[in-house]
Amino acid sequence: MDLRYFAWLRERIGTGHEKVETEATTVAELIEELKRRDEAYAFAFSDLTAIRAAVDQDLVELDAPITGAREVAFFPPMTGG
Amino acid sequence: MDLRYFAWLRERIGTGHEKVETEATTVAELIEELKRRDEAYAFAFSDLTAIRAAVDQDLVELDAPITGAREVAFFPPMTGG
Amino acid sequence: MIRVQAEPFDMGAELTRFTGSVSGAGAVVSFCGLVRDVASGDLDRMVIEHYPGMTEKALAGIADQARARWSLAGVFVLHRYGEMRPGELIMMVATASRHRADAFAAAEFLMDYLKSRAPFWKQEITADGGQWVAAKDEDEAALRRW
Amino acid sequence: MIRVQAEPFDMGAELTRFTGSVSGAGAVVSFCGLVRDVASGDLDRMVIEHYPGMTEKALAGIADQARARWSLAGVFVLHRYGEMRPGELIMMVATASRHRADAFAAAEFLMDYLKSRAPFWKQEITADGGQWVAAKDEDEAALRRW
């Protein structure tokens, strides 16, 4: 599964893209798995109210399923316009 | 006093401008005076809900005073934009 | 800035000029009105009559009201009179502000007031002759929200 | 029509092109967003990051929602990414419809959704370094009116 990070989440994690193998079935489970990896992930995901996610490029809630997804992205609230 | 007429009011009265001497003290009194002149004026001013007026180029209600005014204009509801 | 003219105008050039003339704006909203064909599809032209002198005074007054109600970096109103063909531009307003809410609200306010409070009268000319456009109740109602 | 690009654009040319591309419209509304200086007055540049692929998909989805809700003759959304200086254009939306209410509502709807639902992230660069722009509660609140 491809993971993508944007804006300050990308900066805190230190990369904009990585590939992972996971048995997580929801976005939230994937976040918990990532937070257990190291301090950088734990810090990046410390405040979940500031985290938005997309599964296969569609914005989703954090309880959304990720089974079968090709790409999951994490980022802060968007500031377009 | 200069009187001006616009749109279908101008067409019904047959002129866009005339000068009058009047002792009317309000727009409404002036309209009553004009209606007594002839059929064309009576027809033009027959439905007062369709009449708007300006005194010295400011939109006013029909009970507005005209004493001292230089110019009074009559026209249908506006359709700008 | 207020402009009343018979000549056609270039909406793109006006938008660019207006935006270049304001400073500190983060948001620019424009509205352009165009001549639409009539329901029967045979509009030859629209003729707009206006009240020279009062027109400029009314538009300046409406623009002043908008500036008093919202925090604006600039206001532009341009309205044509005379003859115009289907598809031609009739008028334009533009507003600039720091934040989008002010620019949007002011542009809608300008349009609502200009529709029913600026001395313009539209006549549609078809093969059957001229027909004065009737004022719409909904345009009068639109003023009540401000 | 949706466009996502790094290059500057000509707002006037885009407005003219968009208006020429629609038929039957009596009303065209445009919104343009520009880079404003920061409060301290020393903004060097804004850098906008985006999510290629999702950006186009999100903007097309927002435009489709607008077309479903209002009677529109056309919708245009253009958003830049990358570096831009104070005063430069960031983005533009334009809407066309028979009557002004639809064009205004759709343009405001597009802006409200684009602010909080399209994957763009702004960073302001001053002499002190880069600062990610925080999302505003009022922008999230603005979505609730639709």
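In what follows, every chain begins at residue 1, and chains take the letters A, B, ... in the order their sequences are listed.
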Q: Report yes if the distance between the aromatic ring centroids of C/Phe31 and D/Phe104 is under 6.0 Å, otherwise no.
A: yes
CZ of D/Arg100 to NZ of C/Lys115, rounded to nearest 0.5 Å, is 5.0 Å
dist C/Leu89:CG -> D/Thr19:OG1 (nearest 0.5 Å) comes out at 7.0 Å
request  = Decide if atom CD of C/Gln131 counts as having more than 12 heavy atoms of other residues, nucleotides or ligands within a radius under 6.0 Å.
outcome  = no
Most contact-rich option vs chain C, by heavy-atom pairs under 4.5 angstrom, among D/Gly20, D/Gly12, D/Gly24, is D/Gly12
Whatever's closer than 4.5 Å to a heavy atom in chain D on C/Ala103 counts as neither
Okay, D/Ser23 and chain C: the region with an atom under 4.5 Å from a heavy atom over there is neither
Cut-off 4.5 Å, heavy atoms of chain D, and the answer for C/Asp10 is side chain
Honestly, the part of D/Ala107 sitting under 4.5 Å from a heavy atom of chain C is both
For D/Glu88, I'd like to know if atom CD has over 12 heavy atoms of other residues, nucleotides or ligands within 6.0 Å. yes
Heaviest contributor of heavy-atom pairs below 4.5 Å to chain D, chosen from C/Glu14, C/Glu138, C/Met111, is C/Met111
Bottom line for D/Arg98: the part with an atom under 4.5 Å from chain C's heavy atoms is both
Rounded to the nearest 0.5 angstrom, the NZ-NE2 distance for C/Lys136 and D/His99 is 5.0 Å
Heavy-atom nearest pair, C/Leu15 first then D/Ser30, reads CD2-OG, 4.0 Å
Heaviest contributor of heavy-atom pairs below 4.5 Å to chain C, chosen from D/Thr95, D/Asp112, D/Val35, is D/Asp112
